[in-house]
Amino acid sequence: MQMTERAAEPGHPPEAHGHGVPFGEALKVWARVATLSFGGPAGQIALMHRIVVDEKRWIGESRFLHALNYCMLLPGPEAQQLAVYIGWLMHRTLGGLVAGLLFILPGFLSILALSYIYVLFGDASLVEGLFFGLKAAVLAVVVQAVFRIGSRALTNPAMITIAAAAFVAIFAFKVPFPLIILVAAVVGYAGSRSGSRLFRTSNGHASANGKVLQDRDSLLGEATPAHARPALGWSLKISGALTCLWLGPVALIWFIAGGNSVFTEIGTFFSQMAVVTFGGAYAALAYVAQEAVQHYGWLKPGEMLDGLGMAETTPGPLIMVLQFVGFLAAWRDPGSLNPLTAATLAAILTTWVTFVPCFLWIFLGAPFIEKLRGNAALSGAMSAITAAVVGVILNLAVWFAVHTLFREVTVFAAGPLRLELPVPATLILPSALLAAASAFALFRLKASVLLTLGLSALAGMAWTLAVS
């Protein structure tokens with residue numbers, strides 16, 4: 001392939017973008033990814049794969065999964081970090097910045113608008129119906145994404161076993177996510193070092209139809225671009241700049257407003273969360289809810305679920321729910337500011353300290369991860385991690401289904417075993433029917449995610465108005 005060969009030529013200037021993808025075209029692609037990124041990390045990663053690998057053929061299957069495995073190890077939203085990683089690979093630092101910022105912009109604006117509606121109009125029927133319909137459709141989107149990711153990552157009995165073990169560990173025994181990832185990495189590394197074919201990943205992961213885009217056949221090719229090679233000077237410069245951008249505003253607010261200001265509390269608390277949110281939004285929600293409700297008194301218990309509903313049914317990372325928490329915190333404690341003004345500034349601050357570190361982790365570590373792409377043992381470890389994450393995502397899908405389709409959940413506990421089981425009599429039949437219809441549209445009719453979400457939202461509003 002001529003374009004791939006050219007990209008691999010030594011001395012070819014990175015500014016010329018030997019892969020042949022103009023920055024303007026990439027901008028449109030990332031805007032498309034951002035507006036369609038519903039369904040949480042599973043759906044977002046599947047969407048990104050479909051567009052970047054299957055449709056545009058920018059990078060190959062192996063490179064995509066290598067980047068994904070690294071992002072899975074980081075604190076913060078893995079889908080957004082994956083967008084930064086691929087954008088950086090294709091168009092250097094500017095490409096990573098644009099891809100990452102566009103990924104969160106639609107979600108930020110959507111949740112900000114819904115937050116305004118929430119505090120000004122409360123539980124209006126149309127708004128309630130909108131969430132009712134969207135949540136049912138999102139359940140189908142997440143299930144579809146589990147199948148898509150699983151079909152590519154679970155290519156042999158070893159990977160299937162790892163995924164199943166991860167699911168049982170987190171679903172039935174509440175094993176911490178970092179421990180699951182650590183065990184999977186050790187198993188994958190040892191298996192690869194042993195020479196077992198089950199842990200070889202050089203041929204990529206087969207898709208549902210058996211076709212795999214090899215790195216050498218992608219537009220970027222299999223060689224490492226010049227800008228993606230480790231450079232200590234660049235790493236120190238970019239990490240220093242991003243650290244100042246992340247923590248500088250927090251320090252300034254502390255200096256101006258003092259340690260007791262709600263803005264200082266928001267900046268400090270969510271900066272800490274940005275470092276420890278391994279495992280995605282769900283892994284962090286329990287701690288955030290406890291601190292925000294019991295310690296800080298920023299919001300009520302039920303409001304945390306309302307915020308999660310906003311994040312589940314709008315584009316962008318699920319961790320955007322933190323924006324809603326910050327919004328309500330300042331709305332209730334605006335100080336000398338207008339409540340809406342204070343809430344808006346708090347939403348911006350929360351989003352800032354949550355996502356700036358994501359760029360730091362990618363720009364600092366990605367060059368070194370790219371250098372290790374050919375390491376067979378590391379690739380085996382990271383493939384095992386991907387398999388484990390499939391099990392974790394399946395757990396999230398089950399959790400979401402239980403809490404979306406049933407009004408009540410009971411807990412069965414026996415020793416270390418702890419299961420959240422739905423109460424069958426509390427099945428929400430309209431929600432179940434909407435979820436089934438959405439699944440039929442996605443799996444059998446091959447309808448787009450956006451169309452499915454839109455129709456389900458309309459159906460939810462119609463139902464709510466009919467029974468109100």
Side-chain angles (χ1 to χ4, degrees), residues 36-44 46 107 110-111 114 117-118 121-148 171 281-282 285 289 300-316 318 320-321 324 393-412 419-468:
L36 296 177
S37 59
F38 293 89
Q44 292 156 2
S110 299
I111 292 180
L114 290 172
I117 295 172
Y118 190 87
F121 301 104
D123 55 350
S125 295
L126 282 177
V127 177
E128 182 182 347
L130 174 71
F131 285 118
F132 180 81
L134 281 176
K135 287 169 71 174
V138 166
L139 173 57
V141 171
V142 172
V143 172
Q144 182 198 41
V146 171
F147 277 93
R148 287 182 62 89
F171 179 76
Y282 286 109
L285 279 181
K300 302 172 185 176
E303 291 173 336
M304 191 72 192
L305 292 178
D306 293 335
L308 179 59
M310 293 182 188
E312 289 280 8
T313 52
T314 52
L318 293 181
M320 294 297 296
V321 65
F324 177 70
I393 294 175
L394 177 60
N395 167 70
L396 298 184
V398 172
W399 183 92
F400 190 29
V402 168
H403 288 82
T404 299
L405 303 182
F406 297 88
R407 290 188 178 90
E408 295 182 18
V409 176
T410 184
V411 177
F412 172 80
L419 297 174
E420 289 188 7
L421 303 174
V423 178
T426 65
L427 174 68
I428 306 172
L429 186 58
S431 185
L433 292 175
L434 273 179
S438 299
F440 181 80
L442 291 171
F443 283 94
R444 295 300 301 271
L445 302 181
K446 307 299 181 183
S448 70
V449 171
L450 194 59
L451 177 62
T452 303
L453 289 168
L455 291 176
S456 187
L458 290 175
M461 288 189 287
W463 169 258
T464 303
L465 289 176
V467 299
S468 60

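Here CZ of Phe324 is found 11.5 Å from OG1 of Thr314. Values are rounded to the nearest 0.5 Å. The CE atom of Met461 sits 12.5 Å away from atom CZ of Phe132, with the distance rounded to the nearest 0.5 Å.
No side-chain donor-acceptor contact under 3.5 Å links Thr410 to the backbone of Leu421. Using modelled atom types, no side-chain atom of Gln144 and backbone atom of Ala439 make a donor-acceptor pair closer than 3.5 Å.
Between Phe443 and Val143 there is a side-chain heavy-atom pair separated by less than 4.5 Å.
A pairwise comparison of heavy atoms in Leu405 and Ala435 identifies CD2-CB, 4.3 Å as the closest pair. Of all the heavy atoms in Glu420 and Val409, the pair that sits closest is CB-CG1, 3.8 Å. Across all their heavy atoms, Leu427 and Ala432 have their closest contact at CD1-CB, 4.1 Å. Scanning all heavy atoms of the two residues, the minimum distance from Val423 to Phe406 falls at O-CD2, 3.4 Å. Heavy atoms only, all atoms of each residue included: Ala397 and Leu139 are closest at O-CD1, 3.9 Å. When all heavy atoms of Leu434 and Ala459 are compared, the closest pair comes out as CD2-CB, 3.6 Å.
The ring-ring contact (aromatic ring centres under 6.0 Å, His included) search around Phe440 returns none, not counting sequence neighbours.
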Using a 3.5 Å cut-off and no angle test, enumerate the donor-acceptor pairs between side-chain atoms of residues 449-456 and protein atoms at least two apart in sequence or in another chain.
from: Thr452; atom 1: OG1; to: Ser448; atom 2: O; distance (Å): 2.8
from: Ser456; atom 1: OG; to: Gly133; atom 2: O; distance (Å): 2.5

